[in-house]
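Let me begin by presenting the structure, written as structure tokens, before commenting on it.
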There are 2 protein chains.
Amino acid sequence: MSGFPVPTMPAPPVSVVGLGQLGGSLAAALAGAGRPVSGWDVDPAARDAAEDQGVRISQELTGVVVLAVPLPVMGSALTGLRIDPGATVTDLGSVKVPVLAELGAAHGDRFVGGHPMCGTERSGHTAVDPALFTGARWALCLEPGTDLRRWLRVAEIALSVGAEVVPVTAAEHDDAVAAISAVPHLLAAALAAAAGQAGPLALSLAAGSFRDGTRVVGSDPAFVTALVEGNAGPTAAALDRVRAQLARPWADLVADGHAVRTASAGRRPVRVPLDRTALLALGRAGGAVTRRLAAFVEGWVPEGA
Amino acid sequence: MSGFPVPTMPAPPVSVVGLGQLGGSLAAALAGAGRPVSGWDVDPAARDAAEDQGVRISQELTGVVVLAVPLPVMGSALTGLRIDPGATVTDLGSVKVPVLAELGAAHGDRFVGGHPMCGTERSGHTAVDPALFTGARWALCLEPGTDLRRWLRVAEIALSVGAEVVPVTAAEHDDAVAAISAVPHLLAAALAAAAGQAGPLALSLAAGSFRDGTRVVGSDPAFVTALVEGNAGPTAAALDRVRAQLARPWADLVADGHAVRTASAGRRPVRVPLDRTALLALGRAGGAVTRRLAAFVEGWVPEGA
């Protein structure tokens, strides 16, 4: 694309609270890029690991404050820390409606909910990888009350570590991740549990399709339980859609699943004005933001969208 | 283990019919090990690819004849080929009761059903990999009427390409693979189809858990449909067990699935007499054969079995 990119990207300091796999990876990626980044974790070992990656350890939070803690402690993660009243607050939690309710109440329009779609079945500071976000989609919530300037500040952080930003509402996000994250975790658990019932012979014959289908069952059960129970309504609805699929003739089901999985991943570049409606339309079309220009963001949509 | 291994392994010639991913990989692995191996495929391109791997192309089948063709053409694969009347016939098909009914009727006790638990979502001669069987389990059917000497001849071929042999009955095999292969394929298809219903935003946010959970949906739909419809009874029963799991409280389900997936893979070596009952008990315990001695096979069972 031609264009005249304007260097309008501000680079506010970033303060990451929670230095496990996601938070530690983000802090390490930003530190590696020479960005001012501080971090805090209740676990001294996680703090030491982050410090080794060039992250300044501090309980003073300024700029963009990233809450990278498990969902059950999201509301209490800032207790005892000092936060600049002008700071923008974002999170990396895997559900957004409940987090928005809790943190939106606490921080008002200073809060912008986010969810990078990466992370593995590993967790904790020993699973930190500064390249974790490269090429990942990062859902970023644009509610009616979201301050667009703060949204862009968080988006810029996501872009700077190699992610692509998907504008969504919290409700859209939770419906989508129910289908592509919560339900896969439940299906994998059910598959493993049922194979366990089938006995040692079945488990000994288990090969590629079983191993792939159950890899995520290796995730911390507390994390998975929070993921599904924290998004119970959309997850139950998405699970019902899977149940309905399983009741179809198998040949039809297999053909349709194959068609979805192998559909073209073609994309075409677009330029979208810095406007909530236009940005959300980009996300709904399956597209993402890749760069901010002066009054636009640059991104892509799927071919044909 | 101590012992006095006796070089009783015969090395009969092997004739592979069907030179796609499984058959072509087996023929290439045997040729690479200096074994006498011939092959045949209706597709000239598959024959040329096998010849490049050192496989002699021939329509004369002797020694151990391996049927490595899709299930729907298993019964007609030998039409037009010349087979030595003393040859042992085996197959690599993913269901065993229907194949046993068809090929057992045609070949009597010369037939030994088999199923190596490997292969990927790719198929055809371009997906050939001589290392495909290394470390794989290879189910080998021991029916009441199976000739144990012929069973050992086929087992020796599996061992020689790096697989471990799991003695099973055809019915036990079909129940087990319903749980660990047919059902994973159906769940993956349902997951992909339901995500397709959820729309472009959901698919654009799909990350690790969805990609892993749907990888096998990339397999040829005709192969998957044959796999599930050819094993319809056990597959329906295994799918019902998964449905029952999905109806449990999510936290319990996630914990149980995690426990199955992360259970110890410890093993202890065993020596098992060349006896159908003892061999099948080894398979039922989740163990496998790794070597043949004079009057025993050597293998392993899970710790505690």
Side-chain angles (χ1 to χ4, degrees), chain A residues 117-118 120 137 139 166 172 176-177 179-181 184-198 200-210 212-218 221 224-225 228-229 241-242 245-246 250-251 253-258 260-262 283-286 302, chain B residues 117-118 120 137 139 166 172 176-177 179-181 184-198 200-210 212-218 221 224-225 228-229 241-242 245-246 250-251 253-258 260-262 283-286 302:
Chain A
M117 307 304 297
C118 49
T120 68
R137 307 283 153 79
V166 179
E172 284 174 340
V177 300
I180 54 89
S181 177
H185 277 92
L186 289 175
L187 292 183
L191 183 57
Q197 289 180 292
L201 171 61
L203 290 174
S204 108
L205 292 183
S209 64
F210 181 81
D212 288 342
T214 59
R215 185 188 64 83
V216 297
V217 187
V224 177
T225 299
V228 296
E229 293 190 343
R241 286 197 296 272
V242 169
Q245 290 287 347
L246 287 171
W250 292 342
L253 170 59
V254 167
D256 283 3
H258 185 75
V260 170
R261 184 63 163 77
T262 56
R284 280 176 204 133
Chain B
M117 306 304 298
C118 50
T120 68
R137 307 282 153 80
V166 179
E172 284 174 340
V177 299
I180 53 87
S181 177
H185 277 91
L186 288 175
L187 292 182
L191 183 58
Q197 288 180 292
L201 170 61
L203 290 174
S204 108
L205 293 183
S209 63
F210 181 81
D212 288 341
T214 59
R215 185 190 63 84
V216 297
V217 187
V224 177
T225 299
V228 296
E229 294 191 342
R241 287 196 296 270
V242 169
Q245 291 287 347
L246 286 172
W250 291 343
L253 170 59
V254 167
D256 284 2
H258 184 75
V260 170
R261 184 61 162 78
T262 56
R284 281 176 204 132

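So you know, we letter chains A, B, ... as the sequences are listed, proteins then strands, and number each from 1.
Both the backbone and the side chain of A/R241 come within contact range of chain B, each with at least one heavy atom under 4.5 Å from a heavy atom of that chain. Looking at A/H258, the atoms closer than 4.5 Å to chain B (heavy atoms on both sides) sit in the backbone and in the side chain alike. If you measure heavy-atom distances from A/V166 to chain B, the contacts under 4.5 Å come from the side chain alone. Of the atoms belonging to A/A251, heavy atoms from both backbone and side chain fall under 4.5 Å from chain B.
The two atoms that bring B/A194 and A/V242 nearest to each other are CB-CG2, 3.7 Å, heavy atoms only. Of all heavy-atom pairs between A/L205 and B/M117, the closest is O-CE, 3.3 Å. For the pair B/G283 and A/L201, the tightest heavy-atom approach, listed with the atom from each and the gap, is O-CD1, 3.4 Å. Nearest approach of A/T262 to B/G218, heavy atoms of both residues: CG2-CA, 4.5 Å. In terms of heavy atoms, A/A176 sits closest to B/A202 at CB-CA, 3.7 Å. The heavy-atom pair separating A/G286 from B/S204 by the smallest distance is O-CB, 3.4 Å.
Among A/A139, A/C118, A/P221, the residue making the largest number of heavy-atom pairs under 4.5 Å with chain B is A/P221. When each of B/V177, B/V224, B/L186, B/V228 is scored by its heavy-atom pairs under 4.5 Å with chain A, the top score falls to B/L186. Between chain A and the residues B/P302, B/S181, B/A188, B/A198, the most heavy-atom pairs under 4.5 angstrom are made by B/S181. Of the listed residues B/A285, B/A193, B/A195, B/G196, the one with more heavy-atom pairs under 4.5 angstrom with chain A than any other is B/A193. Across B/L203, B/L191, B/D256, the residue that shares the most heavy-atom pairs under 4.5 angstrom with chain A is B/L191.
Atom CD1 in A/I180 sits 10.5 Å away from atom OG1 in B/T214 (nearest 0.5 Å).
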